[in-house]
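The analysis underlying the following values was restricted to heavy atoms, covering all of them including side chains, and did not include hydrogens, waters or symmetry mates. This is a predicted model, so every value here is computed, not measured.
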Amino acid sequence: PNIIPGNVVVILNTKKHKKFKREGDDLHMTMQITLKEALLGFKKTFTHLDGRKVEVERTTITQPNYVMKMKGEGMPLHNFASEKGVLHVKFRVLLPYNLTDKQQEELEKIL
């Protein structure tokens with residue numbers, strides 16, 4: 001009362017997350033996998049922002065830095081909360097630091 005109406009300005013600052021990076025409605029994350037998992041496939045789970053367990057599965061060879069896109073696992077869309085953006089999972093392949101002579105021989109035979 002007795003005050004001229006005006007605009008309310010709200011400034012939001014987002015905190016960095018240790019696992020996810022947001023770009024609009026999409027999320028980005030990096031998942032580490034072993035050389036064995038990269039060559040033979042794997043099934044892994046991680047905890048999403050809302051506490052759900054999300055399963056990531058690959059049955060084929062996964063190249064280093066391959067990005068898997070999971071539709072509907074990103075952030076809710078503005079004005080359409082039932083729809084969500086895309087989650088981009090980038091795979092980082094962990095290689096061994098060294099191999100024994102026997103392991104080198106076996107790999108030589110296989111490859």
Side-chain angles (χ1 to χ4, degrees):
N2 301 325
I3 298 177
I4 300 173
N7 295 330
V8 175
V9 178
V10 178
I11 299 173
L12 298 174
N13 293 318
T14 57
K15 286 184 176 181
K16 287 187 177 182
H17 193 274
K18 62 182 178 179
K19 186 185 294 185
F20 299 100
K21 181 181 174 193
R22 182 176 183 171
E23 288 185 10
D25 298 322
D26 292 347
L27 289 174
H28 296 260
M29 69 173 278
T30 300
M31 180 177 280
Q32 294 184 357
I33 59 173
T34 64
L35 178 59
K36 179 180 175 183
E37 291 170 328
L39 294 173
L40 303 177
F42 61 90
K43 187 184 294 188
K44 289 186 163 210
T45 60
F46 68 90
T47 304
H48 210 310
L49 291 169
D50 59 3
R52 289 180 301 116
K53 297 287 185 190
V54 177
E55 189 174 273
V56 178
E57 182 177 9
R58 297 270 305 154
T59 56
T60 60
I61 293 175
T62 304
Q63 297 292 331
N65 299 318
Y66 171 75
V67 178
M68 177 185 217
K69 296 178 182 178
M70 300 177 72
K71 292 182 181 180
E73 292 294 344
M75 296 300 290
L77 276 66
H78 183 67
N79 293 330
F80 299 98
S82 61
E83 296 181 33
K84 295 182 180 178
V86 177
L87 172 64
H88 303 260
V89 182
K90 182 177 181 178
F91 295 101
R92 181 172 173 244
V93 179
L94 300 173
L95 299 175
Y97 285 103
N98 51 43
L99 298 171
T100 65
D101 291 338
K102 182 172 171 86
Q103 289 171 325
Q104 289 178 10
E105 288 174 19
E106 293 297 321
L107 275 174
E108 190 70 36
K109 288 179 194 174
I110 294 169
L111 301 175

Salt bridge K102-E105, side-chain N to carboxylate O under 4.0 Å: no

Backbone of E73 reached by a side-chain donor or acceptor of H48 within 3.5 Å: yes

Sidechain-backbone polar pair: D26 side chain, G74 backbone, donor-acceptor under 3.5 Å: no

Only pairs under 3.5 Å count here: list side-chain donor-acceptor contacts from residues 61-72, not counting sequence neighbours, and write none if there are none.
unit_1: T62; atom_1: OG1; unit_2: R58; atom_2: NE; d: 3.0

K53 versus T47, closest heavy-atom pair with distance: NZ-OG1, 2.9 Å

Validation row: K90, H28 side chains within 4.5 angstrom (heavy atoms): no

Point-to-point distance, once rounded to the nearest 0.5 Å, from CG of D25 to CE of M75: 8.5 Å

Within 6.0 angstrom of E108 CD, more than 12 heavy atoms from elsewhere: no

Nearest heavy atoms of D50 and K84, plus distance in Å: OD2-NZ, 4.2 Å

Gap separating the CZ atom of F46 from the NZ atom of K19, nearest 0.5 angstrom: 6.5 Å

Residues, nucleotides or ligands: over 12 heavy atoms within 6.0 Å of I11 CD1: no

Closest contact, heavy atoms only, M31 versus V89: CB-CG1, 3.9 Å

Aromatic plane relationship, F91 with F42 - under 30° parallel, 30 to 60° tilted, over 60° perpendicular: perpendicular

In one Ile/Leu/Val/Met/Phe/Trp/Tyr side-chain cluster, 4.5 Å: I110, L40: no

Straight-line distance of R92 CZ to T30 OG1, nearest 0.5 Å: 8.5 Å

Nearest-0.5 Å distance, CG of residue L39 to OG1 of residue T60: 11.0 Å

Shortest non-hydrogen contact from P76 toward A81: CB-O, 4.0 Å

K21, NZ atom: more than 12 neighbouring heavy atoms under 6.0 Å: no

L35 reachable from I33 in the ILVMFWY side-chain graph, under 4.5 Å edges: yes

For the student: nearest non-hydrogen atoms of Q103 and N98, plus distance: OE1-O, 4.5 Å

Within one Ile-Leu-Val-Met-Phe-Trp-Tyr cluster: V54 and V86, side-chain cutoff 4.5 Å: no

Hphob cluster co-occupancy, L111 + L99, side-chain heavy atoms under 4.5 angstrom: yes

